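The structure under discussion appears below in the form of structure tokens.
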Amino acid sequence: MTTIRLTNTRTRRKELFEPIDPGNVRMYVCGPTVYDRAHLGNARPVVVFDVLFRLLRHVYGADHVTYVRNVTDVDDKINARAAESGRDIRAITEETLRWYHEDMDALGALRPTHEPRATEWIGAMIAMIGTLIDRGHAYEAAGHVLFRVRSYRDYGALSGRSVDDMIAGARVEVAPFKEDPLDFVLWKPSDPSLPGWESPWGRGRPGWHIECSAMSRALLGDSFDIHGGGLDLQFPHHENEIAQSRCAHPEGGFARLWMHNEMLLVDGRKMSKSLGNFFTVRDLLDRGVPGEVIRFVLLSTHYGRPMDWTDAKAREAQEILFRWHEIARQAPEGPPHPEMVDLLADDLNTAGAIALLHRLAGEGDGAALRGSAALLGLLGEEMGRWAEPKADGDLLARLAQTLTQERVRARQTRDFSTLDRARQALTEAGIEVRMTADAVTLHPGPGTDPARLRELAAEIAP
RNA sequence: GGCGGGUUGGCGGAGAGGUUACGCAGCGGAUUGCAAAUCCGUGUAGACCGGUUCGAUUCCGGUACCCGCCUCCA
């Protein structure tokens, strides 16, 4: 059995991964709030944890891994979007979730086992909030229910902060009804214009953090193996989840291993609308950057390091993938190379894994290349459609033959002008012209222009 | 202010206390009518200052600079 080692954010150490139940390895990853298109930063955890999902399935068996990723479809950003657009909330969340699926599918991410929507688990949240009140960890004030942070001794353990430190540097707006500035909302009242559910505390809606505690418990139990998300969620979101879950169900351990991916930068800076470097996954796809290329770039840096997106990286990735597809296409998919599994099992060393793919490609081992790349979600048939030759094979064969003959003639007459003109034109149409000792062969590149090629064929080899 | 992370060759980017990462680009060569492609060869890089060690880019401490979180955020 492969030994998997993963960095646990809580201990900041690489730890041996031992599932609670190898027959059902359980992972929870924080998913999207569905109010707008996913930006590139949203894509990083999706792709990173997709690789982990693939690895776990490979090691423990596809039927022995449960992956839950929530959909936050009740949130004040959504309400704001509805208010400003006049659209129905449900219409917004449905549409945004559909977009999310389209975009993440394009990146080759497998769908999680479960994608619970917050609005379908309000009952579980109300029940958990009730338990927290009963146990003295939460209180009702001014129509709100708040979590009493001071009641949980280990609050801050995940992110390495103490409650007193946080108070000292707190920039939180302190609502007058809070017992303590750090207390956070579990439930808040909704006026008639806002979505709301009946509860023991009146008509209202849940705070942001409680959904993850309630849904992870419902689908994975009081104790499960891995909880993941972006590093920015470490505090306060994950800290609050831990506090809620541990206090409501102290008999459980909640998540054993915490994993956080580092942030994504664009051209060395945080992606933001004001810097003008903000874009969505869909923007890139529409610009013609294949999803597979985006995925490759995201995996070329270890998940624990900041990842800088640049167009230069995308171009380089596209050329590499194109070459790999040429090799992989001619081979059946083999099993992954053992080193590939070991590399990923070592805290998801995706950069090292890509280096191995370079080696396999260099050796011309198409079967191992395909099988190994599959663990990274690369070189799949669907994913690689963009790299399929766009040129008509018969047409190319005819052109190649004509050029071969022309070359024989040119060598005799020492007049290469016709041949060179044809080569020039083909190169401009995105065809690579290779002249070996006795033949001319043509290889369509990623930028092949099929229409232009047909014109040239009519001219050169009618 | 509090907490955390980073600094590797022209660029990107890994692992490992002592032996080539790898990719891209560059350079030299083979090949070619010329190119392209391919093949071969080629780079002692590790912010700075100390310490531990026979030996550190790799461990420890400090300095500088950069970044993130602490507020919605993946």
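Note that these values count all heavy atoms, side chains included, but never hydrogens, waters or copies made by symmetry. Below, read A as the first sequence line, B as the second, and so on, with proteins coming before strands; counting in each chain starts at 1. Keep in mind it's a predicted model, so treat the numbers as computed, not measured.
At a cut-off of 3.5 angstrom, the base of B:A74 holds no donor-acceptor pair with the side chain of A:H260.
Between A:F254 and A:F224, the gap from one ring centroid to the other is short of 6.0 Å.
With no hydrogens or angles considered, no side-chain donor-acceptor pair links A:R117 and A:T119 at under 3.5 Å. No hydrogens or angles considered: a donor-acceptor pair under 3.5 Å links the side chains of A:D283 and A:T280. For the residue pair A:Y155/A:N240, the side-chain donor-acceptor check at 3.5 Å is satisfied. Counting only N and O atoms by type, the side chains of A:E115 and A:H101 include a donor and acceptor under 3.5 Å apart.
Contacts between residues 298-309 of chain A and RNA chain B, counted as heavy-atom distances below 4.0 Å, involve A:S300, A:T301, A:H302, A:R305. Heavy-atom distances under 4.0 Å link RNA chain B to A:G229, A:G230, A:D232, A:L233, A:F235 of residues 227-241 of chain A, given in residue order.
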What does nucleotides 17-34 of chain B look like as a protein-contact string, B for base, S for sugar-phosphate only, - for none, at under 4.0 angstrom between heavy atoms?
----BSBS-------SBB

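Phosphate proximity of B:C69 to A:R161: absent, as no side-chain N or O sits under 4.0 Å from OP1 or OP2. An OP1 or OP2 oxygen of B:C73 is reached within less than 4.0 angstrom by no side-chain nitrogen or oxygen of A:K270. At B:C11, none of the side-chain N or O atoms of A:K313 fall inside 4.0 Å of OP1 or OP2 (strictly under the cut-off).
If you take OH of A:Y155 and P of B:C70, they are 12 Å apart, rounded to a whole angstrom. If you measure from atom NZ of A:K77 to atom C1' of B:C73, you get 6 Å, rounded to the nearest angstrom. Summarising the geometry, the separation between CG on A:D347 and P on B:A16 is reported as 11 Å, rounded to the nearest angstrom.
Considering only residues two or more places apart in sequence or on other chains, A:K77 meets the salt bridge (Lys or Arg N to Asp or Glu O under 4.0 Å) condition with A:D75. With sequence neighbours excluded, the residues satisfying side chain to side chain donor-acceptor pair (under 3.5 Å) with A:S213 are A:Q244, A:S245.
Distances from the side chain of A:N349 to the nucleotides B:A36, B:G15, B:G68 place B:G15 closest.
The backbone N or O of A:L110 lies less than 3.5 Å from a partner atom in the side chain of A:D50, making a donor-acceptor pair.
At a threshold of 4.0 angstrom between heavy atoms, the contacts of A:G160 are confined to the sugar-phosphate backbone, with no base atom among them.
Nucleotides B:G33 and B:C40 are separated by 23 Å at their C1' atoms, to the nearest Å.
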Dot-bracket assigned to RNA chain B with the 3.5 Å Watson-Crick/G-U criterion, [ ] for crossing and | for other-strand pairs, is (((((((..(((.....[...))).(((((.......)))))....(((((..]....))))))))))))....

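The side-chain contact (heavy atoms from CB on, under 4.5 Å) with A:V281 is formed by just one residue from the set A:R37, A:M104, A:E102, A:H39; it is A:M104.
A 6.0 Å sphere centred on CD of A:Q401 holds no more than 12 heavy atoms belonging to other residues, nucleotides or ligands.
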